[in-house]
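Whatever order the structure lists them in is the order used to number ligands and atoms, beginning at 1.
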Amino acid sequence: MKRFLPFLLSIVLLAGCTPQQAATEPAQVQFFAMDTLMSIRVYNEGGEDAVQAARQEVERLDKLLSRTDADSTISALNSHAGDGTMVSLEPEVTQLLSFAKSVSELLPGDFDITIAPVMDAWGFTTEERHVPSEEALSAAMALVDSSLLTVDESASAARLERAGMEVDLGAIAKGFTAAQAEAVLRENGATSALLDLGGNVTAIGSKLDGTAWQVAVKDPQNTDEALCVLSLTDQTASTSGGYERYFEEDGVTYHHIIDPKTGYPADSGLRSVTVISSNHMLADALSTALFVAGPEEALDFWRSRDDFELVLCTDDNRVIVTEGLEAGYRPAGEDRGYTYEIARR
Ligand code: ADP
Ligand code: MG
C-alpha cells in the first residue's frame, strides 16, 4: 500500500496532458509484478492486444528473473553456486548478466548484482528488516563479487564460483523488462504508449498530438509532489532513491540501495537519481549505481559518455539537471525549498 499511493499520484501527474488527449481513453492494464505495481497504456487505436501481449511478456520475465521464485532461471543459477556446474540459461538472461557485469566494471564498487546475501542480511527479502550483526554482515560481504560470476554468452550459460553466492537483479530487471515489453508493444502495433514499471517510466513514441510525453520525477521528500517534469520521447526515466524501500531502527532510517564497498545503505549525498536514456536497461542500472556513486562521480561519469542524462537531487536540496535536458524539463519544487542548476560538459 505504501507504494500504491505514490504510483496513483504519479499517474495523475503523468496524465497532465492536453484536453485533446484526455478525450482518448488508452487501452490499459495495471497489475503487480516484480514486487511493484505496474501499468501499461497504449494510446493509439486498437491497442488492446498490444497491452495484453506486453503484460504477458512482463509476467514471463518476472518468472524467469525472480530470485524468490524457486522455479526461476535465476534460482537455478543461484542453487548451483560453488558446485562447478555451468547452468544453462535463456540467451536473453545471459545477455542481461553480461550487461550487469559490464556496469560493475564501469563503476567499480557502486554496482554489483551479487549483492543478494547482503540484501538478505538486512532482511529486505523477507520483510523482517533489521540492522545485521557485524558477523552476519561480513559473512555476507565475503560473497559479493560479480567477477566471480562467470558468464559464457556463446554457450548461454553461467556459474557462480563460490558457495553461498546469489544474484539479485532488483536493480536492473525492470529496465530490461521495459526494453522487452517495448519490443512486444511495437510488434503489436503500439506507436504511442507509456510503461510504468515501478520507478521506471518508459515513453514509447510521443503523445497522439505529436508532442513529447510529460513525466514527473517525484519529490523524494514528498512523493505525492513533483520535483520536476521531463519531456520524453522514446526514452526511459528511471529513478532510484532511498525513499522507495526502507525501515527505521533506533531512529535511524535504512534503505534498500546498498553500497557494495561497505554493506550499508549508500550514503553518498543524494536523495534520488533519475537517469534518462533511450537504453532502458542502462537507465535502470545507472540509477542504482549512480545513487551509490554520489553527485561528483555521477557527473564525471556523465561527462565521459553521451548516452544518458541525469536529474540528481542532493541531500542539501539542490537539483542538478544535465544540459541535455535543459530544453525539456520544468522545475516544480521551488516552493518546497529546492534550487535548480544545470550541469555542463
Ligand atoms: P527499485 O527496485 O526501488 O526501483 P533500484 O532500481 O535502485 O530501485 O534497485 C534497488 C534494488 O537493487 C535493491 O532492492 C536490490 O535488489 C538491488 N541492489 C541494491 N543495491 C545494489 C547495488 N549496489 N548494486 C546492484 N544491485 C543493488
Ligand atoms: Mg535500478
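- Numbered from 1 in the order shown, with element, the atoms of ligand 1 that lie under 4.0 Å from a heavy atom of K174 read 1 (P), 2 (O), 4 (O).
- Residue-and-atom listing of protein N/O/S atoms under 2.8 Å from the Mg ion (ligand 2), sorted by chain and number: A171 O, D284 O, D284 OD1, T288 OG1.
- For ligand 1, the atoms closer than 4.0 angstrom to any heavy atom of P260 are 23 (N).
- No side-chain donor-acceptor contact under 3.5 Å links N188 and Q52.
- Residue contacts with ligand 1, taken as heavy atom pairs separated by less than 4.0 Å, involve D112 solely via the backbone atoms N, CA, C and O.
- The D168 neighbourhood of ligand 1 comprises atoms 15 (C), 16 (O), with distances under 4.0 Å to a heavy atom of that residue.
- Side chain to side chain, S278 and D234 fail the donor-acceptor criterion of an N or O pair below 3.5 Å.
- Of all the atoms in ligand 1, the ones that sit under 4.0 Å from a non-hydrogen atom of I115 are 18 (N), 26 (N), 27 (C).
- For S277, there are no side chain to side chain donor-acceptor pair (under 3.5 Å) partners at least two apart in sequence or on another chain.
- Side chains of T73 and E90: a donor on one and an acceptor on the other come within 3.5 Å.
- In this structure, G199 falls outside the shell of residues with a heavy atom less than 4.0 angstrom from ligand 1.
- Short contacts between ligand 1 and S240, defined as distances under 4.0 Å to a heavy atom of the residue, involve ligand atoms 5 (P), 6 (O), 7 (O).
- R245 does not count as a contact of ligand 1, since none of its heavy atoms falls under 4.0 Å from the ligand.
- Contact analysis puts D110 in contact with ligand 1, with a non-hydrogen atom separation below 4.0 angstrom.
- Each of L97, D168, T288 was scored for a side-chain contact (heavy atoms from CB on, under 4.5 Å) with I113, with one residue passing: L97.
- Atoms of ligand 1 found under 4.0 Å from any heavy atom of M119, numbered from 1 in the order shown, are 13 (C), 14 (O), 15 (C), 19 (C).
- When the options H255, E244, H256 are ranked by their closest heavy atom to atom 19 (C) of ligand 1, first place goes to H256.
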Validation: residues 329-337 side-chain donor-acceptor distances under 3.5 Å, sequence neighbours left out:
from, atom 1, to, atom 2, distance (Å)
R336, NH1, D219, OD2, 2.9
R336, NH1, A226, O, 3.0
R336, NH2, A226, O, 3.1
R336, NH2, A332, O, 2.7

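- Between D110 and K261 there is a salt bridge, since at least one side-chain N of the basic residue sits less than 4.0 Å from a carboxylate O of the acidic one.
- Side-chain atoms of E153 and T94 include no donor-acceptor pair closer than 3.5 Å.
- F247 belongs to a hydrophobic cluster with I115, V118, M119, W122, F124, V131, L137, M141, V144, V252, Y254, I258, Y264, counting contacts under 4.5 Å between side-chain heavy atoms of Ile, Leu, Val, Met, Phe, Trp and Tyr, direct or through other members.
- Side chains of T150 and E161: a donor on one and an acceptor on the other come within 3.5 Å.
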